[in-house]
Amino acid sequence: MMNSYNVYQRLLIAYGVQGWWPLLQRNSRPGYTQEGYHPGVYSLELTPNERFEIITGAILTQNTNWANVRRSLTTLLENCHLGPEFFCAAEHIDLAALIRSSGYYNQKAKKLKTTAGFFLARGAANETPPSRKELLAIWGIGPETADSILLYAFNQPVCVVDAYSMRIFNRLENRGSSEGGEWTYMGLQAKFKAELPVDVEVYNEFHALLVEHGKRYCTSKNQKCFKCPLKSECRFLAQNS
DNA sequence: GCCCAGGAGCATA
DNA sequence: TATGCTCATGGG
């Protein structure tokens, strides 16, 4: 069984640096791609507006394709509406219309207003990261969104786990009921923390690489295992081919 | 037409 | 604690 760091190294060689979290406010600037990614650039001094863009994106991308989220973020930026003041002041129906392309727009409008209220109330305290417990107490922020905000918006050394991570590691070990059950969020997060160097850049890339791997090869159905860069170590492939 | 996407909250048991 | 349901657009 490969440990997390071996998986990280293998995926980094296969896919290269991903440069999350994309910052649309900086797209097309030197070091940034048109999509706002910044591969290899990590010493970012985020402005409050950029931090809030990441927080907004983390909520909008819940169970949603990033391309749909990018449309919403672009619309918000073009209208100078991407900020906690606007989210709090806006009517629900207006905010929902602006984020329509992200799906779940009624739920997400409520989540954004609630979250904006939290960060607006903190004011200058937004220079320092909130606690995970504080984030989880906000309606609409669960484990993955909280950890994404801590890692990508506040550069805290927190590992992010998502549906792709669990699928990939369940398959690598082929964990099912006979293997002690599938990975849980907290269980896999503890494994990552134990096996990876404590490094914000590694955590940043690792989560992004797992998402890329899930999209390219480790898909829910019709896996493309024959070209998978992890296939030599994967017990799922060994037992399903 | 179907399935999926960088989840979370809530009801039910 | 553990499933199951709901939320919803847009691309393959």
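Hydrogens, waters and symmetry mates play no part in the numbers below; they use all other heavy atoms, side chains included. The chains referred to below are lettered A, B, ... by the order of the sequence lines, with proteins before strands, and numbering in each begins at 1.
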- Note on the structure: A:Tyr15 OH to B:dG6 C1', in whole Å, measures 15 Å
In residues 142-150 of chain A, what donor-acceptor pairs under 3.5 Å come from side-chain atoms, sequence neighbours left out?
from, atom 1, to, atom 2, distance (Å)
A:Thr145, OG1, A:Gln62, NE2, 3.0
A:Asp147, OD1, A:Arg132, NE, 2.7
A:Asp147, OD2, A:Arg132, NH2, 3.0
A:Asp147, OD2, A:Tyr185, OH, 2.7
A:Asp147, OD2, A:Gln189, NE2, 2.9
A:Ser148, OG, A:Glu144, O, 3.0

- With sequence neighbours left out, what residues match A:Pro197 under side chain to side chain contact (heavy atoms under 4.5 Å, CB included)? A:Tyr5, A:Val202
- Query: Under 5.5 Å between ring centres and under 30° between planes: does that hold for A:Trp21 against the base of B:dG6?
  - Reply: no
- Query: Can you list the residues that meet the salt bridge (charged side-chain N to carboxylate O under 4.0 Å, His left out) rule with A:Arg175, with sequence neighbours excluded?
  - Reply: A:Glu173
- Item | Which residues share a salt bridge (charged side-chain N to carboxylate O under 4.0 Å, His left out) with A:Arg235, sequence neighbours left out | none
- Task: Using the side chain to side chain contact (heavy atoms under 4.5 Å, CB included) rule, take A:Glu53 and A:Leu82 through it: C-alpha gap first, then chi angles, then the decisive distance, then the call.
- Result: CA-CA 7 Å; A:Glu53 178 188 324; A:Leu82 185 42; 3.8 Å; yes
- Using atom NZ of A:Lys108 as one end and atom C1' of B:dG9 as the other, report the distance to the nearest whole Å. 14 Å
- Query: Expressed in whole Å, how much space separates the P atoms belonging to B:dC10 and C:dA8?
  - Reply: 14 Å
- Query: Taking only residues two or more places apart in sequence or in another chain, which ones pass side chain to side chain contact (heavy atoms under 4.5 Å, CB included) with A:Phe192?
  - Reply: A:Ser4, A:Cys159, A:Val161, A:Ser165, A:Phe169, A:Leu188, A:Leu196, A:Phe206, A:Leu210
- Task: Measure up the A:Trp21 and A:Trp66 rings against each other and bin them: parallel (under 30°), tilted (30 to 60°), perpendicular (over 60°).
- Result: perpendicular
- Whole angstrom is fine here: how far is it from CG in A:Leu188 over to P in B:dG7? 14 Å
- When you compare C:dA2 with B:dG6, how far apart are their P atoms, in angstrom units rounded to a whole number? 27 Å
- Task: Extract, from 5' to 3' on DNA chain C, the first and final nucleotides lying under 4.0 angstrom from some heavy atom of chain A.
- Result: C:dC7 to C:dG11
- Message: I need the residues from residues 88-102 of chain A with at least one non-hydrogen atom less than 4.0 Å from DNA chain C; give them sorted by number, or say none.
- Response: A:Arg100, A:Ser101
- Among residues 109-120 of chain A, which residues get a heavy atom nearer than 4.0 Å to DNA chain C? none
- Task: Quickly work out the A:Leu136 CG to B:dG7 C1' distance and round it to whole Å.
- Result: 13 Å
- Message: Taking salt bridge (charged side-chain N to carboxylate O under 4.0 Å, His left out) as the definition, give me every residue that meets it alongside A:Glu134, ordered by chain and number, with sequence neighbours left out.
- Response: none
- Given side chain to side chain donor-acceptor pair (under 3.5 Å), test A:His213 with A:Tyr164 step by step and report yes or no. CA-CA 8 Å; A:His213 183 60; A:Tyr164 285 129; over 6 Å; no
- Message: Please verify the inter-ring angle class for A:Trp20 with A:His207; under 30° counts as parallel, over 60° as perpendicular, anything in between as tilted.
- Response: perpendicular
- Task: Find out whether A:Leu23 and A:Leu46 are in side-chain contact, i.e. whether some heavy atom of one side chain is under 4.5 Å from a heavy atom of the other.
- Result: yes
- Measure across A:Pro129 and A:Phe154 and return the closest heavy-atom pair with its distance rounded to 0.1 Å. CA-CD2, 3.6 Å
- Expressed as a whole number of Å, how far does the C1' atom of B:dC4 sit from that of C:dC7? 15 Å
- Message: Any residue in residues 139-162 of chain A with a heavy atom nearer than 4.0 angstrom to DNA chain B? Just list them by number, or reply none.
- Response: A:Trp139, A:Gly140, A:Ile141, A:Gly142, A:Pro143, A:Glu144, A:Thr145
Please list each protein N or O that sits under 3.5 Å from an N or O in nucleotides 2-5 of chain B, with the distance.
from, atom 1, to, atom 2, distance (Å)
B:dC4, OP1, A:Ser220, OG, 3.2
B:dA5, OP1, A:Arg167, NH2, 3.2

- Task: Using a heavy-atom cut-off of under 4.0 Å over every strand shown, decide if A:Phe206 touches base, sugar-phosphate, or nothing.
- Result: nothing
- Query: Side chains of A:Tyr32 and A:Arg26: is there a donor and an acceptor less than 3.5 Å apart?
  - Reply: yes
- Just do the side chain to side chain donor-acceptor pair (under 3.5 Å) check on A:Asn63 and A:Tyr104 with the steps written out, would you? CA-CA 9 Å; A:Asn63 203 34; A:Tyr104 307 118; 2.9 Å; yes
- A:Arg70 meets the salt bridge (charged side-chain N to carboxylate O under 4.0 Å, His left out) criterion, sequence neighbours left out, with A:Glu35
- Task: Step by step, work out the side chain to side chain donor-acceptor pair (under 3.5 Å) result for A:Ser102 and A:Thr64.
- Result: CA-CA 7 Å; A:Ser102 299; A:Thr64 300; over 6 Å; no
